[in-house]
Amino acid sequence: METGSIPVASLPGGFDLQSTVESGQSYLWRREDGKMYETTHAYGESAWYYTVVEEEVVRARQRDGQIEWQATTDAEPLLFDLLRLDDDLDAIVESTPDDPLVESAYEEYRGMRIVRDPFFPCLISFICSAQMRVGRIYGMQTALAREFGDEIEFDGRIYHQFPTPEQLATATEDDLRGLNLGYRAPYVRKTAELIASGAASAEDVRGKEYEDARDAVQVFVGVGDKVADCVLLFSLDYLEAVPLDTWIQSAIEEHYPHCERGSYAKTSRAIREQFGGEYAGYAQTYVFHHLRS
DNA sequence: ATCCAGGATGTAT
DNA sequence: ATACATCATGGA
């Protein structure tokens, strides 16, 4: 086993592992002790988390201004990638127009970063997120990995990879309903098939201008405007994407009523501008976490 | 029991 | 383009 540490306290804007992986952006990280959402912030600060990516288990915890990690290979470049440790968080916060809500959210969770999830798992988890509570979305992804993903052994324990598109495409709708995916079951199956067959891929999206990209993600089944924005923001580097979920909608009603324009596309443009444009998704994610906590 | 959760789809207008 | 019913599941 390889180990290492990353001095994150000195990064611009700092870093907060717990907020980053437990704020409902990524459903691909778990706490090693299984106590997600059950303990205080103070305890979660030094808890071990893990994710399974690129056929590898990566563990990480935050202690004394460092990210300590354990993996089978050098995981530092991977962690920089997954946790966006290269983002200049100070500059991003600076670029956001001051308003009381955004400011208090940034203050409370400063150090939280947007994640860069692998595309397919991100896509599937947000297809599953429709009309679901955050806590249950984690459970659905855990069940998918347990039932359809390959096993990996690490440090004497068995972990499960997220299933490949091919593996999920072989699942029947009834299989998936059996995991309590409900009406999302056919969406997940059809989307997995689209990718497994080569009919569509992330490469059809990358490089497109933001709103074109948002349309492009919607070729996948079970993906509308909101889920498309989540995938753009949490996987495909579109930091201007602002997912308009129920929490942000109510924030618009209460705090930014002038941004309500009657349609997703128009309201999206208005709130994106309200949140400073280029990094509006950062403000959105802080506000979401702030309101939900 | 009724309502709601990080909404999307199919159909009718 | 927009309006509406429908879709599973479980926790409050």
Side-chain angles (χ1 to χ4, degrees), chain A residues 19-29 36-38 101 105 109 112 114-115 117 121-144 147 171-194 200 211 214-236 238-239 241-256 260-269 271-272 275 280-293:
Chain A
S19 296
T20 301
V21 302
E22 286 198 57
S23 53
Q25 327 171 29
S26 172
Y27 296 95
L28 307 177
W29 289 81
M36 216 89 168
Y37 292 112
E38 291 176 20
L101 181 61
Y109 297 107
M112 180 174 75
I114 300 287
V115 297
D117 273 353
C122 178
L123 179 62
I124 294 300
S125 50
F126 279 99
I127 287 171
C128 291
S129 78
Q131 294 294 100
M132 272 291 154
R133 285 191 182 80
V134 167
R136 284 193 61 205
I137 302 169
Y138 282 99
M140 296 164 82
Q141 308 320 304
T142 301
L144 287 175
E147 296 303 318
T172 67
E173 183 177 328
D174 283 344
D175 288 338
L176 297 173
R177 284 180 184 272
L179 300 182
N180 298 325
L181 266 65
Y183 61 82
R184 305 153 198 81
Y187 301 166
V188 167
R189 212 185 93 72
K190 289 174 184 170
T191 288
E193 266 181 347
L194 279 173
E211 290 195 6
R214 194 177 63 200
D215 289 337
V217 183
Q218 294 180 47
V219 304
F220 297 106
V221 184
V223 180
D225 285 317
K226 186 270 172 184
V227 168
D229 269 331
C230 288
V231 174
L232 292 180
L233 180 59
F234 302 131
S235 178
L236 296 179
Y238 288 81
L239 295 182
V242 176
L244 299 183
D245 57 54
T246 53
W247 290 90
I248 298 302
Q249 294 281 10
S250 63
I252 290 173
E253 278 183 35
E254 268 197 53
H255 300 271
Y256 316 104
E260 178 52 59
R261 303 293 167 86
S263 77
Y264 191 100
K266 290 177 182 172
T267 303
S268 169
R269 284 179 202 136
I271 194 69
R272 240 181 304 140
F275 285 166
Y282 255 98
Q284 187 274 359
T285 301
Y286 271 85
V287 167
F288 173 81
H289 189 41
H290 174 66
L291 293 178
R292 215 180 59 77
S293 298

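Labels below follow one simple rule: chain letters A, B, ... track the order of the sequence lines, proteins then strands, and each chain is numbered from 1. Hydrogens, waters and symmetry mates play no part in the numbers below; they use all other heavy atoms, side chains included.
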Q: Under 3.5 Å, is there a donor-acceptor pair linking the side chains of A/R261 and A/S268?
A: no
Q: Students often get this wrong, so: under 4.0 angstrom with heavy atoms, is A/Q218 touching a base, only sugar-phosphate, or nothing?
A: nothing
Q: Determine whether a donor-acceptor pair (N or O, by modelled atom type, separation under 3.5 Å) exists between the side chain of A/S125 and the backbone of A/C122.
A: yes
Q: Taking any heavy-atom pair under 4.0 Å as a contact, classify A/R177: base, sugar-phosphate, or nothing.
A: sugar-phosphate
Q: Which pair of heavy atoms, one from A/K226 and one from A/P243, lies closest together, and at what distance?
A: O-CB, 4.1 Å
Q: B/dG7 phosphate, OP1 or OP2: any side-chain N/O from A/T246 under 4.0 angstrom?
A: yes
Q: Nearest to the A/Q131 side chain among C/dG10, C/dT2, C/dA8, which nucleotide is it?
A: C/dA8
Q: Between C/dA5 and B/dC3, how far apart are the P atoms? Round to whole Å, please.
A: 15 Å
Q: Between A/Y27 and A/F126, does the ring centre distance come in under 6.0 Å?
A: yes
Q: What's the CD1-P distance between A/I137 and B/dG7, to the nearest Å?
A: 8 Å
Q: With a 4.0 Å heavy-atom cut-off, tell me which residues in residues 186-194 of chain A come close to DNA chain B, sorted by residue number.
A: A/Y187
Q: What pairs of donor and acceptor atoms, side-chain ones from residues 247-254 of chain A against any protein atom, are under 3.5 angstrom apart with sequence neighbours left out?
A:
residue: A/S250; atom: OG; partner: A/T246; partner atom: O; Å: 3.4
residue: A/S250; atom: OG; partner: A/W247; partner atom: O; Å: 2.8

Q: Please pick, from C/dT2, C/dT9, B/dG7, the nucleotide with the shortest atom-to-atom distance to any side-chain atom of A/R136.
A: C/dT9
Q: Is it the case that B/dC4 (base atoms only) and A/R133 (side chain only) share a donor and an acceptor within less than 3.5 Å, ignoring hydrogens and angles?
A: yes
Q: Provide the Watson-Crick or G-U wobble partner of B/dA1, both distances under 3.5 Å; none if there is no partner.
A: none
Q: Can the ring centres of A/Y282 and A/F275 be said to be less than 6.0 Å apart?
A: no
